[in-house]
There are 2 protein chains.
Amino acid sequence: MEPGLRARKKQATRAALQAAALRLALERGPGNVRVEDIAEAAGVSPRTYNNYFSSREQAIVAGITADRAEQVAAAVVGSPAATGLGDAVVTAVVGLYADPGDRPRAAMLMVATSPALRACYADTVTSIEGPLAEAIAERCPGVDPLTAQVLSAAVGAAARVGLRQWLRPATGAGGLVVTSGSLPDLVRAALLPLAPALDAAAGR
Amino acid sequence: MEPGLRARKKQATRAALQAAALRLALERGPGNVRVEDIAEAAGVSPRTYNNYFSSREQAIVAGITADRAEQVAAAVVGSPAATGLGDAVVTAVVGLYADPGDRPRAAMLMVATSPALRACYADTVTSIEGPLAEAIAERCPGVDPLTAQVLSAAVGAAARVGLRQWLRPATGAGGLVVTSGSLPDLVRAALLPLAPALDAAAGR
DNA sequence: ACGCAAAATTGCGCGCACGCAATATTTTGC
DNA sequence: GCAAAATATTGCGTGCGCGCAATTTTGCGT
């Protein structure tokens with residue numbers, strides 16, 4: 001059964017809201033954009049905005065991190081069967097942060113600047129946990145569903161730590177090493193300590 | 001240097017706010033308590049409330065989960081040196097959820113009922129991550145600080161999953177096993193998959 | 001004891017999130 | 001096609017979170 005007019009229109013307005021939010025935030029700065037503005041730009045009532053997104057920042061970051069979840073899940077189930085679960089997951093997640101061009105880079109800079117956006121952006125990794133858990137369960141039919149959930153939640157948490165580390169504005173004083181490498185490397189480093197747990201669960 | 005009058009008074013009003021919030025929430029139900037009420041009960045301005053807590057629910061849950069963080073950290077560094085890091089951490093965290101009496105149980109029931117409180121309660125485990133990371137670093141001087149952070153974040157995430165599982169209102173339909181055991185057992189089960197990662201990091 | 005600087009409290013105003021009920025639009029069944 | 005059921009959009013009202021500036025309280029040196 002195809003989506004139907006209703007669902008398609010819903011997706012359309014959602015996309016319009018995301019696009020409008022991102023555009024306005026980029027050209028005015030995130031602090032100078034009210035929900036009213038976004039709603040107007042998308043041709044919809046302010047109240048309707050909050051039917052789609054439950055915070056002002058959500059639409060902006062949603063415009064950046066569109067379909068992370070499906071990406072990771074697909075990468076995990078699609079990785080060669082020979083590789084261990086740890087490698088598969090780490091590679092899949094790191095793949096999300098390979099630099100994809102120029103427009104996104106400006107967006108990331110904006111995210112790094114605004115604390116509210118940082119927080120919201122970190123929260124988006126939560127959205128991958130569900131699909132990732134399913135992917136793990138599918139790849140390793142033997143594991144307890146709860147274990148799969150736990151592992152994916154742990155992966156999410158680790159990714160958040162890596163993210164946080166990357167967009168830390170350089171604390172200055174006490175920090176011994178402030179040089180944060182490239183994002184993918186940082187995320188990989190953050191995920192690595194979890195590999196033993198993943199492999200142990202996979203190996204039963 | 002002892003706290004000084006200033007800091008002590010601050011702690012006093014914070015405690016008063018927590019107590020008032022918890023009391024009012026228990027006797028009226030969490031939905032029927034406005035910030036204004038809590039502030040008034042604590043003899044302070046509504047604006048001041050938000051100088052101490054940044055959400056309406058925070059004061060309530062703070063009244064329940066007082067000094068979790070120090071507890072866990074102490075338990076980790078204080079556990080016998082012979083036990084592996086995995087066992088030490090698991091035991092320490094599980095120890096937080098040993099049933100401590102009757103008043104807390106009523107409070108937990110209230111938390112389980114209100115979605116907003118559930119979310120806020122889950123967020124509180126985040127507060128243990130910092131101290132836990134320090135404790136891990138102290139116990140195993142060899143490990144990378146980033147690794148310590150990652151592991152404690154993962155532990156927090158796992159604990160959240162256990163919590164969520166426990167206070168799930170029984171989805172009914174598709175759930176094969178809805179019988180959730182006791183909270184401590186559930187949390188232990190959730191933490192167990194991470195033990196390999198902890199031990200691996202500790203053993204270098 | 002006194003006054004001054006630091007810090008906490010307070011009032012004010014703005015925008016946001018959301019429940020609720022009314023309204024408009026789409027889908028379904030005939 | 002068309003009425004009815006299902007679902008989406010909107011306006012309104014309430015409470016919340018917080019930046020800002022004025023005011024009060026606290027701590028300390030002399």
Side-chain angles (χ1 to χ4, degrees), chain A residues 1-18 20-22 24-25 28-63 113-121 123-124, chain B residues 1-18 20-22 24-25 28-63 113-121 123-124:
Chain A
M1 189 197 330
E2 62 201 63
L5 202 163
R6 196 173 207 118
R8 262 183 299 135
K9 216 174 175 185
K10 233 166 132 61
Q11 285 308 95
T13 46
R14 157 169 261 112
L17 285 170
Q18 290 179 6
L22 183 52
L24 290 178
R28 297 187 197 175
N32 305 326
V33 178
R34 292 163 311 189
V35 264
E36 187 184 343
D37 304 330
I38 305 177
E40 188 188 16
V44 91
S45 137
R47 181 63 181 85
T48 300
Y49 173 90
N50 279 313
N51 287 352
Y52 285 85
F53 301 99
S54 52
S55 92
R56 183 170 62 91
E57 294 83 8
Q58 232 171 34
I60 303 177
V61 302
T113 305
S114 157
L117 284 187
R118 282 212 305 265
C120 192
Y121 184 78
D123 278 351
T124 56
Chain B
M1 185 187 343
E2 62 201 65
L5 203 165
R6 195 168 208 127
R8 261 183 299 134
K9 211 172 177 185
K10 236 168 130 57
Q11 285 307 95
T13 46
R14 160 169 258 110
L17 284 170
Q18 290 180 4
L22 183 53
L24 289 178
R28 296 190 198 173
N32 305 326
V33 177
R34 290 163 314 185
V35 194
E36 189 183 342
D37 304 329
I38 305 177
E40 189 187 16
V44 92
S45 140
R47 182 63 182 86
T48 299
Y49 172 89
N50 279 314
N51 287 353
Y52 284 86
F53 300 99
S54 51
S55 92
R56 183 170 63 90
E57 294 82 10
Q58 231 170 34
I60 303 178
V61 302
T113 305
S114 157
L117 284 187
R118 282 212 305 264
C120 191
Y121 184 77
D123 278 350
T124 56

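Numbered from 1 within each chain, the chains take letters A, B, ... in sequence-line order. Computed from heavy atoms alone, side chains included, the values below leave out hydrogens, waters and symmetry copies.
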Would you say a side-chain N or O of [X] is under 4.0 Å from OP1 or OP2 of [N]?
{"X": "B/Ser54", "N": "D/dG17", "answer": "no"}
{"X": "A/Lys9", "N": "C/dT26", "answer": "yes"}
{"X": "A/Ser45", "N": "D/dG11", "answer": "yes"}

Within this structure, what is the [atom1]-to-[atom2] distance between [X] and [N], rounded to whole angstrom?
{"X": "A/Asn50", "N": "C/dG19", "atom1": "CG", "atom2": "P", "result": "10 Å"}
{"X": "A/Lys10", "N": "D/dA6", "atom1": "NZ", "atom2": "P", "result": "18 Å"}
{"X": "A/Leu17", "N": "D/dA8", "atom1": "CG", "atom2": "C1'", "result": "14 Å"}
{"X": "B/Asn51", "N": "D/dC16", "atom1": "CG", "atom2": "C1'", "result": "14 Å"}
{"X": "A/Ile38", "N": "C/dC16", "atom1": "CD1", "atom2": "C1'", "result": "11 Å"}
{"X": "A/Glu40", "N": "D/dG11", "atom1": "CD", "atom2": "P", "result": "12 Å"}
{"X": "B/Asn32", "N": "D/dC16", "atom1": "CG", "atom2": "P", "result": "12 Å"}
{"X": "A/Glu36", "N": "C/dA17", "atom1": "CD", "atom2": "P", "result": "13 Å"}

* To do: Describe the nucleic acid contact of B/Arg56 in one word from base, sugar-phosphate, nothing, applying a heavy-atom distance below 4.0 Å.
  => sugar-phosphate

* To do: With heavy atoms under 4.0 Å as the rule, sort B/Arg34 into base, sugar-phosphate or nothing.
  =>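 Answer is sugar-phosphate: B/Arg34 comes under 4.0 Å of backbone atoms only.
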
Nucleotide of [options] approaching [X] most closely (side-chain heavy atoms):
{"X": "B/Tyr52", "options": "C/dA8, D/dC12, D/dT9", "value": "C/dA8"}
{"X": "A/Thr48", "options": "C/dA17, C/dT9, D/dT9", "value": "D/dT9"}
{"X": "B/Arg6", "options": "C/dA17, D/dG27, C/dG15", "value": "D/dG27"}

* Which atom of B/Pro30 lies closest to which atom of B/Leu117, heavy atoms considered ->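 So the minimum-distance heavy-atom pair works out to CB-CD1, 3.9 Å.
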
* So do the side chains of B/Asp37 and B/Arg28 get within less than 4.5 Å of each other, counting heavy atoms only? ->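 Result yes, sub-4.5 Å side-chain heavy-atom pair found.
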
* Asked: Is there a side-chain contact between A/Phe53 and A/Gln18 (heavy atoms, below 4.5 Å)?
  -> yes

* Sub-3.5 Å donor-acceptor pair from the side chain of A/Tyr52 to the main-chain atoms of A/Thr13, do we have one? -> no

* Asked: Taking B/Gln58 for the side chain and B/Ser54 for the main chain, is one N or O donor matched with an acceptor at less than 3.5 Å?
  -> yes

* Any donor-acceptor N/O pair under 3.5 Å between D/dG19 base and B/Arg47 side chain ->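 Indeed, a donor on one side and an acceptor on the other fall under 3.5 Å apart.
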
* Structure fact -> In Watson-Crick or G-U wobble terms, with both distances under 3.5 Å, the base opposite D/dG11 is C/dC20

